[in-house]
Amino acid sequence: MTSTALRGRAWKLLEMVTTPLLPSDYLDLVSPLRAGADLRGRIESVHPETDDAATIVIRPGRGWRGHTAGQYLRIGVDVDGVRLWRAYSITSPTNRQDGRVTITVKAIPDGKVSNHLVRRATPGTLIQLDQPTGDFVLPRAKPAKVLYLTAGSGITPVMGMLRDTEFDDVVMIHCAPRPQDVIFRNELHDLVADKKLRLTEVHTDRDGTLDIARLDELVPDWAERETWACGPAGLLDAAEEHWTEHGVQERLHTERFRPGIVVAGDGGEVTFSSTGRTVDADGATPLLDIGEEAGVLMPSGCRMGICFGCVTPLKAGAVRDLRTGEITEAEPGVLIQTCVSAAAGPCDIER
Amino acid sequence: MTATDPTAHLTAEQIEELGRELDAIRDEVIAGRGEKDAAYIRKVISAQRKLELVSRGVLLFSIFPPAWLIGTAGLSVAKIMDNMEIGHNILHGQWDWMRDPKIHSTTWEWDHVSPSDQWKHSHNELHHTYTNVIGKDNDLGYGIMRVDEDQKWHPFHLGQPLWNFLNACFFEYGIAAYDLELGKNLHKRRRKNPEFRARARAVGRKIRKQVLKDYVIHPLLSGPSFLPTLGATFTANLVRNLWTHSVIMCGHFPEGVQVFERRSIEGETRGQWYLRQMMGSANISGNKAMHFMTGNLSHQIEHHLFPDLPSNRYAEVAVKVRALFKKYELEYVTGPLPKQVFSAWHKVFRLSLPNKKPKVKTPDSVRELVAA
């Protein structure tokens, strides 16, 4: 018998010992970061970068497969007891000696997770991790000339690149409201002092937002450079237009942080994605009734919110709890009670 | 059921006002749910797992009597924790708001022969929606007992003290059979129903796994302590069954608890639903340890009003609920465990014999009230 088959047998036996739980439920008590466990990480320290940004140092579990400079990481953090998932760019280089990985987080207004991480996260906390992902990354072959075009927290994936790979000729334009808002400012200035980077800071409170037409003046040879741009949609839209106009769009790589923002309204179009049905729903009718009327086979139970027999994944959009008025937005793993939830804007239910 | 309707003095408006006041209590707890509650359930789960591991570890040496005693006691407590404060409450969706897929009503499986999804249907959906409605809520006597004067007597009921005792000893099997609606489904035609067969197979699989673990694998791992370990796990299951059966009997069987006629719930309003839960449940008084070991089902009244609120909040909710009982001049049925257990057993014995048709009250009086 091969060793894998043997290990499989042993594991089966162990499962019989621990049934109805799994051996991992017990192992998690002592070693949550071990190989073979669900991927998790432990926050080791939190370093303030600016008034509203901080770098979180994470020790990933043994199952961590490593990242490529520029990629992002989805993390699940418990905020007020509720697990919330968000994506943040990795700011540590791939060859960091101690195997730790860092993300740098800017607290956005009303951002539950970002404010928690910047202001309240404490070392020792266990968080959930996904493997790093994203194709906003450096190429294998080194480009001769590089331009980084960033604004605000858009600097974070680029910082991961800067720390990871040295290029001979690197120019960066970075926009932030004021000098003290520039994340990693000291480190950037050190790179400039070491002649490893040429940097233009645009302080938008004083200079206004960057006019893409000024690029010719700031970086005359921009069109010859392999460019990575990350920042608010306005900047990226302008850049994509500009590069396309000059026929060099293949040299521009962009990353957008939040593609869609959920706007909670009153009623909306409901999609039952498994069956492919779409119907209009008002803001007062339970989604269970909406689905049943549309001929979708909906799980149901007490029809009054007590038995949890109707819970169904919410894939997109937002719903309102008809009892409390509370809004729930779609996130991976979010289930809703369809008998007491109504559409709060367009939404997608997995049925 | 008492001779007079204990809610006759309430007007329809008062009943709806009562409903609004209960909704306010619920909303307040939901708004305040947070980190502390999450930490609570995680701590309980981790404590239960450690206690079970240590107890089973000690039982490996159960050939020595002190090890047998300690291990059996520990395993009994661990099984009670798994069944009551953890399993029952997670399967009610009380902790779904945490969005932790490992502590969620859709993923949890308990140390019990009834698969969680079947139990969720019969318990959460049927029992909690139709609480104490004769003919709709099978928890009233579990289909083997007569627990109200209004239920028809049959010579079979003469034996019900014995049925109840046997059910208590093998309670988890009783629950599994009950979830399968075995009584009704064993008829020749129903037995072949594919849906029933699938559910029966699921129970069979679960029983096999549970029995294999408790009565084969763990004893085998104990080597020379094979027989003592087997006895220990049997004892722990027996203790857990007797305990949970007693707690659950106290929830709806003691004297003073109301039952309702089937037609009384037609067109029931939210206020009326709440009132039925209040009148159809009974509490157990006691200290913190008692509440914990009953999975906070000692707060049965609060649990039936708010089955999805986290169990660690029932104690604070109980203070406010009790004040409402007083305000609306309703009887809050509660008492220490021995008294409530005695009361429930007394009823089981009393109703094993036929009774005269009660004169004054009728279920219709309750119907008028609730449907008013």
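We name chains A, B, ... by the order of the sequence lines, and we start the count at 1 in each one.
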> What do the steps show when you test A:Val77 against A:Leu84 for side chain to side chain contact (heavy atoms under 4.5 Å, CB included), and what is the final call?
Replying inline: CA-CA 5 Å; A:Val77 192; A:Leu84 300 172; 5.8 Å; no
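- Scored by the side chain to side chain contact (heavy atoms under 4.5 Å, CB included) test, A:Ala294 finds A:Val279, A:Val296 as partners (sequence neighbours excluded).
- With sequence neighbours excluded, the residues satisfying side chain to side chain contact (heavy atoms under 4.5 Å, CB included) with A:Val46 are A:Ile43, A:Ala54, A:Ile56, A:Ala121.
- Residue with the most contacts toward chain A among B:Leu53, B:Leu126, B:Leu221, B:Leu212: B:Leu53 (heavy-atom pairs, distance under 4.5 Å).
- Within 6.0 Å of atom CG in A:Leu297, 12 or fewer heavy atoms from other residues, nucleotides or ligands are found, so the atom counts as exposed in its surroundings.
- Side-chain contact check for B:Val29 versus B:Phe306: every heavy-atom pair is 4.5 Å or farther apart.
- Scanning for ring-ring contact (aromatic ring centres under 6.0 Å, His included) contacts around B:Phe61 gives an empty result, with sequence neighbours left out.
- Interface residue A:Val334: only side-chain heavy atoms are found under 4.5 Å from chain B.
- The choice from B:Gly34, B:Ala31, B:Ala38 that makes the most heavy-atom pairs within less than 4.5 Å of chain A is B:Gly34.
- Taking 4.5 Å as the limit, some side-chain heavy atom of B:Met84 sits within range of a side-chain heavy atom of B:Thr244.
- Options A:Gly305, A:Gly76, A:Gly309, A:Cys307 differ in how many heavy-atom pairs under 4.5 Å they form with chain B, and the most are formed by A:Cys307.
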Would you list the atom pairs in which one atom of chain B and one of chain A form a donor-acceptor pair under 3.5 Å?
| from | atom 1 | to | atom 2 | distance (Å) |
| --- | --- | --- | --- | --- |
| B:Glu35 | OE1 | A:Arg120 | NH2 | 3.2 |
| B:Arg42 | NH1 | A:Asp78 | OD2 | 3.4 |
| B:Arg42 | NH2 | A:Asp78 | OD2 | 3.4 |
| B:Glu52 | OE1 | A:Tyr26 | OH | 3.3 |
| B:Met98 | O | A:Arg83 | N | 2.8 |
| B:Asp100 | OD1 | A:Arg83 | NH1 | 3.4 |
| B:Asp100 | OD2 | A:Arg83 | NH2 | 3.4 |
| B:Lys102 | NZ | A:Asp38 | OD2 | 2.8 |
| B:Asn124 | ND2 | A:Cys307 | O | 3.3 |
| B:Lys213 | NZ | A:Thr19 | O | 2.8 |
| B:His218 | NE2 | A:Val17 | O | 3.0 |

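- Counting heavy atoms from C-beta on, the side chains of B:Leu22 and B:Ile25 come closer than 4.5 Å.
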